[in-house]
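From a predicted model like this one, the values you see are computed outputs, not experimental measurements. This chain uses plain numbering: 1 for the first residue, then up along the sequence. Remember, it's 1-based here, ligands and their atoms both numbered in the order they're listed.
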Amino acid sequence: MKRFPRPSRRHLAVAGAVGALTLGATATLPATNAMAATGCAVTYTTNSWAGGFTASVTIKNLGDAVNGWTLGFGFPHSGQRVVQGWSATFNQTGSAVTAQSLSYNGSLATGASTNIGFNGSWTGNNPAPTSFALNGTVCTGGTTPTTAPPTTAPPTTPPPTTPPPGGTTPVAINGQLRVCGVNLCNQYGKPIQLRGMSTHGLQWFSQCYNDASLDALSKDWLADLLRVSMYVQEDGYETDPAGFTNRVNTLVDEATERGMYALVDFHTLTPGDPMFNLARAKTFFAAVSARHASKNNVIYEITNEPNGVSWSTIKNYAEQVIPVIRANDPDAVVVVGTRGWSSLGVSEGGNSTEVVNSPVNAGNIMYAFHFYAASHRDNYRAELERAAARLPMFVTEFGTVTYTGGGAVDAASSTAWLDLLDRLKISYANWTFSDADEGSAAYRPGTCYGGTYTGTAVLTESGTFMRNRIRTPDNFPTS
Ligand code: IDC
């Protein structure tokens, strides 16, 4: 039986097929190179198991530069379906599939390549598509294979019955998170800690968030989490709701592409009453949660630092915003800010008892705690530890410096804090992954106007400290 029918000779490049034979035990299907004389070259590679597969598709533009593209192809077998794609918007009608570029990967210069992919399902068999078109230009340039197609029989080893793990990124390992007890748990129901960085205000530092910097965050810093900090006031969201919503969506996509969790921060600060922004919050979260509903890596932080308001006001706000998110994305974890700049009330003379006695009436939620290590020390640490025995806590923002965002790194206090968070498996995001001219910024001023974000030469004292902490192995439980 021919388990994997070969693509027709006309469109076949042989190297991938040979590779498939050597990788037969993992049932890797042939890579198909549909070479266009002028338009495009597509490499399609799959990892397949009983009933499912992951496809990686590399698109090379051999024609004029394009700004926005759609890749079209047809599945050869009627039982093949795209289940969930990434780095493009996938649509399937019958066996015809289109993949449309996203805002950040739409520009393809002549000779440039981009990679997209999807998880699929199949019944019967799972042959590779033999023809692709980029913006309507069919990638069939009639390139003659330089080597004869293989005649060797397909692999005899049966495909494995369990899916491959799907990669080693934080999201690939942990999948959809949920709150269990006072912990944040992964898809195996085991407590985990996410460690990552917060952007600065997108209205001021968008130049710091690009492919190179986010690659550095995921591959050099080995971060699990990107907090996307969207100020509402101070020239933020309220001045351009559609524009800021787009920027947040793009950064969520960028985090997704790199297998990081994205924490969407509705960065209220002044005024401190979240109710001032209730209508904006509903509009924003309705749009963002609809856009990312099918993703498994998005966490929503509905108000950054309430201040000057009672816990009951914050709770009331949360109970109106959470249902808006849940209507689109029922299983997303939501984080609720606490009184006194998310200090559990401590900075306004209170403590966590008010939350324990009157928790937000919703499941799968956590509470935010913020600290600045040079300003907040033992009594704040004690209150967080006390609260964490009763409430699921998430340190969605902290600094190694004073609460102003400036001053010197307090290494001793920062170490005490992070040791506590590690011990309690409390997730955190550090303020900030930016080159702001203030002590809390990880990069030296001017870094974001250069091209280098990796290594330590571009880092401040805070950046060096945080990179060292974040880079240590995660040890996420997988069973
Ligand atoms: C600070 C920035 C600073 C900016 C200011 C504007 O570091 O560059 O001028 O906001 O309001 C917070 C807030 C966060 C603050 C940060 C440091 O969540 O917005 O950022 N901080 O002051 N809470 C405690 C400290």
Please work out which of the three classes, parallel, tilted or perpendicular, describes the rings of [Y] and [X], given edges at 30° and 60°.
{"X": "W221", "Y": "Y443", "result": "tilted"}
{"X": "F369", "Y": "F371", "result": "tilted"}
{"X": "F205", "Y": "H200", "result": "tilted"}

### Query
Any chance NZ of K60 has more than 12 other-residue heavy atoms, nucleotides or ligands included, within less than 6.0 Å?
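No, not enclosed.
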### Query
Any idea which heavy atoms bring P477 and K190 closest together, and the distance?
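Heavy atoms only, the tightest pair is CG-CB, 3.6 Å.
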#### Entry: Nearest atoms (heavy-atom pairs only) where R381 meets D378
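Minimum heavy-atom contact is NH2-OD1, 2.9 Å.
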At a 4.0 Å threshold, what atoms of ligand 1 neighbour a non-hydrogen atom of [X]?
{"X": "H267", "value": "13 (C), 14 (C), 18 (O), 19 (O)"}
{"X": "N304", "value": "18 (O)"}
{"X": "E234", "value": "6 (C), 11 (O)"}
{"X": "T404", "value": "17 (C), 22 (O)"}

### Message
Can you tell me how far apart CG (L177) and SG (C185) are? Round to the nearest 0.5 Å.
### Response
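Between atom CG of L177 and atom SG of C185 there are 9.0 Å.
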### Task
Between T432 and ligand 1, find which residue part has any heavy-atom pair under 4.0 Å and reply side chain, backbone, both or neither.
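Contact part for T432 vs ligand 1: neither.
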### Message
Just to be sure I read this right, does ligand 1 sit under 4.0 Å from the backbone of L269, its side chain, both, or neither, counting only heavy atoms?
### Response
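Side chain only; the backbone of L269 stays clear of ligand 1.
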### Task
Please say whether S440 places an N or O atom under 3.5 Å from an N or O atom belonging to ligand 1.
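Min N/O separation from ligand 1 is not below 3.5 Å for S440.
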### Task
Could you tell me whether atom 7 (O) of ligand 1 has a protein heavy atom closer than 4.0 Å?
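Yes, there is a protein heavy atom closer to it than 4.0 Å.
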Among protein heavy atoms, which lies nearest [atom], and at what distance?
{"atom": "atom 22 (O) of ligand 1", "value": "Y403 O, 2.8 Å"}
{"atom": "atom 20 (O) of ligand 1", "value": "W431 CZ2, 3.1 Å"}
{"atom": "atom 12 (C) of ligand 1", "value": "E397 OE2, 3.0 Å"}
{"atom": "atom 3 (C) of ligand 1", "value": "E438 OE1, 3.4 Å"}
{"atom": "atom 10 (O) of ligand 1", "value": "Y231 OH, 3.0 Å"}

#### Entry: Heavy atom of H370, distance to ligand 1 below 4.0 Å
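No, H370 has no heavy atoms under 4.0 Å from ligand 1.
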### Query
When you measure from the centre of the six-membered ring of F244, is the NZ or CZ of R247 under 6.0 Å away and within 45° of the axis?
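Yes, R247 sits over the ring of F244.
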### Task
Would you check if the distance from the ring center of F394 to the ring center of Y367 is below 6.0 Å?
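No, the ring of F394 stays outside the 6.0 Å limit from the ring of Y367, centre to centre.
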### Message
Quick test of your reading of the structure: of W341, W204, Y372, F398, whose heavy atom lies closest to atom 24 (C) of ligand 1?
### Response
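The option holding the nearest heavy atom is Y372.
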#### Entry: Contact check, side chains of N297 and Q176, non-hydrogen atoms, under 4.5 Å
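A side-chain contact is absent here, since even the closest heavy-atom pair is not under 4.5 Å.
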